[in-house]
J.: 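Quick one: structure below, then a few questions.
Side-chain atoms are counted along with the backbone in the values below, which use heavy atoms only and exclude waters and symmetry mates. Here the structure is a predicted model, which is why all the values come from computation and not from measurement. Counting starts at 1 for both ligands and their atoms, in listed order.
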Amino acid sequence: MTLTTFAELGLAEPILKALAEAKHETPTPIQSQAIPHVLSGKDLIGIAQTGTGKTAAFALPILHHIATDRRRPERRAARVLVLSPTRELSGQILESFRIYGRHVRPTTALAIGGVPLGRQARSLMAGVDVLVATPGRLADLVENNAVRLDQVEMFVLDEADQMLDMGFIHAIRAIVARLPAKRRNLFFSATMPKEIEKLAGQLLTDPVRVAVTPVAKTADKIEQKVIFTDRNGKPGLLADLLSDPAIDRVLVFSRTKHGADRVVKGLSVAGIPAEAIHGNKSQPQRERALAAFRDGRARVLVATDIAARGIDVPGVSHVVNYDLPNVPESYVHRIGRTARAGRDGIAISFCDNDERAFLRDIERLIKIQIPAEDRRTDRRGGEPAEAGDARGPRREGPRRFGNGPRTPRPQGERSGERQDRGGERHPDRRAEPRADQPRAERHARPEGHGRSEHGRAEHPRGERSGGEFAGMRFMKPRGERPAGSEGPRREQGARRPAR
Ligand code: AMP
């Protein structure tokens, strides 16, 4: 039986009131599937992407628990711990707790990098109902005895796949080692590869599993297209595409931070204003860019995968993959930024010859062949793609996106730029993934070595982080450390509204 109202799900009155005020009339599928189980005290694995309403799927039953089991948190303790991979996402989660909890009035705190440790420690002094944290900063706070985790009643691990991708596994294990054995666990991930299954198996007790988007299935409402192009044809192609005013709010993905900046520059040469967000931008710059995009002042936002992760901007009409991601799951995340809340969306991916294998991996994952058009200019005599190419001959006749005049090509892209790793040039370029390598090889990395937009390699197991929590120094994986990389979106610290 599908429950169709929040009241039927069994949520407490103050939460129903806040939901009505937030104009959430009916539960989303993940909410109607997950909430009854969480209310009944079960551990949960939720397989859902951002945009499905998964934050409320855990926030609502947690608020219900707080509303129905009022007790003052002990000093420096948290009753609920939510771990999320990025500062932005943590801020959004906390905001959701505030919105849905406005009549429950839980005490809350945010523990994320980029904010003085002392201030966060003070905000935790009296203890809080809900603590939302990124793993590196939380580890620091625990190490400094600013927070204790032995009173945690409910533990949420959000975006588990992203956490692992960002190299947080050791910090997570160390944090979990500090949690009491008797606790409830809610585990959310957009994808469930083997290593995530393994982690879930270790953390959860007899969990119920709910899934809303079958893994590797892209949203049905997204119209997908791939455009074969030459690498140096991409800037002109993008400008051409964006000259169509029907493309009213577009998120452009670049694999690299420098690439993102070049895209913005190229567009500005073509007379198209655009903003960029990535790990090299300061927090105020990122906030300004996001705000401009959200309120429609900027039509084009260029982002790297990590910077865009978890950002919820309604009404994105188009996603453009200026570069294809080398991790196929990222494609699903990227295009999931459009077609949200029941709307239609269009995802257009540029694919140069070096990216053919990335496209193959993506199509294998999503189990569809994305309709393609060929806009390469170096095809001899306008021949279609050669049979030996990754995708073989094109399947669709050339069709131009955009109705504007062809714009001059802005600044060319350098061929084969490395995946963005924090602006540091890797001395050994052979270490970079290449599209023509087999996928397993491209993604293989030594245990304990994470990799991300911010670039530094993680420390191998045991180098800085052992299995023990006490006295260990945590590595601070990307997304947390560099100044302004994943900064707070909102005001920091605990809020203790009068009960
Ligand atoms: P999330 O998947 O948690 O990132 O949520 C995506 C968006 O959906 C957020 O902007 C929420 O405010 C919105 N949302 C969540 N649940 C509902 C609901 N039941 N009805 C309408 N909007 C919702």
Side-chain angles (χ1 to χ4, degrees), residues 2-12 15-36 38-39 44-64 82-102 130 132 156-163 186-191 210-215 217-219 221-222 249 251 290-291 293-295 303 305-316 319 332-343 345 489-490:
T2 317
L3 300 172
T4 52
T5 67
F6 286 110
E8 282 176 299
L9 296 181
L11 293 164
I15 299 166
L16 296 177
K17 194 170 163 203
L19 283 165
E21 287 160 358
K23 307 228 168 344
H24 289 9
E25 282 154 19
T26 40
T28 66
I30 185 77
Q31 291 161 6
S32 52
Q33 288 179 52
I35 291 171
V38 184
L39 289 178
L44 180 95
I45 297 179
I47 304 164
Q49 286 177 267
T50 309
T52 55
K54 71 179 167 68
T55 312
F58 63 78
L60 299 175
I62 286 173
L63 287 163
H64 177 94
V82 182
L83 279 187
S84 110
T86 66
R87 298 177 191 183
E88 267 91 4
L89 187 57
S90 300
Q92 290 190 1
I93 292 170
L94 194 78
E95 187 64 15
S96 296
F97 272 98
R98 294 205 180 120
I99 292 169
Y100 306 132
R102 55 188 298 205
V130 180
V132 183
V156 182
L157 191 68
D158 195 19
E159 308 245 346
D161 51 353
Q162 184 70 4
M163 295 262 203
L186 311 178
F187 185 102
F188 285 85
S189 191
T191 57
V210 298
V212 288
T213 316
V215 178
K217 186 168 182 295
T218 45
K221 289 188 170 270
I222 304 174
R249 192 173 285 184
L251 194 49
L290 257 181
F293 189 58
R294 272 212 180 90
D295 66 24
D305 288 289
I306 288 182
R309 183 81 186 189
I311 289 172
D312 179 34
V313 180
V316 172
V319 165
V332 181
H333 289 308
R334 285 180 178 191
I335 73 166
R337 310 283 99 196
T338 184
R340 310 189 98 182
R343 292 198 191 87
R489 277 182 64 241
R490 299 184 178 81

J.: Can you list the ligand 1 atoms lying under 4.0 Å from a non-hydrogen atom of Thr52?
T.: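 Contacts of ligand 1 toward Thr52, numbered from 1: 2 (O).
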
J.: Under 4.0 Å from ligand 1, counting heavy atoms only, is it the side chain of Lys23, its backbone, both or neither?
T.: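 The answer is neither; Lys23 stays 4.0 Å or more away.
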
J.: OG of Ser96 to CD1 of Ile62: how many Å apart, nearest 0.5 Å?
T.: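 It comes to 11.5 Å.
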
J.: Please could you name the atoms of ligand 1 that Thr26 approaches to less than 4.0 Å, counting only its heavy atoms?
T.: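 The atoms of ligand 1 under 4.0 Å from a heavy atom of Thr26 are 18 (C), 19 (N), 20 (N).
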
J.: Once rounded to the nearest 0.5 Å, what's the spacing between atom CG of Leu19 and atom OG1 of Thr26?
T.: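 Going from CG on Leu19 over to OG1 on Thr26, the span is 10.5 Å.
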
J.: Between His64 and Ala12, is there a donor-acceptor pair closer than 3.5 Å when you use the side chain of the first and the backbone of the second?
T.: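 Yes: the side chain of His64 pairs with the backbone of Ala12.
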
J.: Counting from 1, what ligand 1 atoms have a heavy atom of Thr28 closer than 4.0 Å?
T.: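 Close to Thr28: 16 (N), 17 (C), 18 (C), 19 (N).
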
J.: How does Phe58 reach ligand 1, by side chain, by backbone, by both or by neither, if only non-hydrogen atoms under 4.0 Å count?
T.: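 The answer is neither.
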
J.: Apply side chain to side chain donor-acceptor pair (under 3.5 Å) to Thr52 and Gln49, showing your working.
T.: CA-CA 6 Å; Thr52 55; Gln49 286 177 267; over 6 Å; no

J.: Which atoms form the tightest heavy-atom contact between Ala190 and Ile47, and what is the distance?
T.: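 Residues Ala190 and Ile47, closest heavy atoms: O-CG2, 3.7 Å.
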
J.: Can you figure out which of Gln31, His24, Gln49 has its heavy atom closest to atom 14 (N) of ligand 1?
T.: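 Minimum heavy-atom distance to atom 14 (N) of ligand 1 goes to His24.
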
J.: Counting from 1, what ligand 1 atoms have a heavy atom of Gly53 closer than 4.0 Å?
T.: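 What qualifies from ligand 1 is 1 (P), 2 (O), 3 (O), 5 (O), 15 (C).
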
J.: Please identify which atoms of ligand 1 are closer than 4.0 Å to at least one heavy atom of Thr55.
T.: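 Ligand 1 atoms under the 4.0 Å threshold to Thr55: 1 (P), 3 (O), 4 (O).
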
J.: Gln31 and Leu9: which non-hydrogen atoms are nearest, and at how many Å?
T.: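 Reported closest heavy-atom pair: O-CD1, 4.1 Å.
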
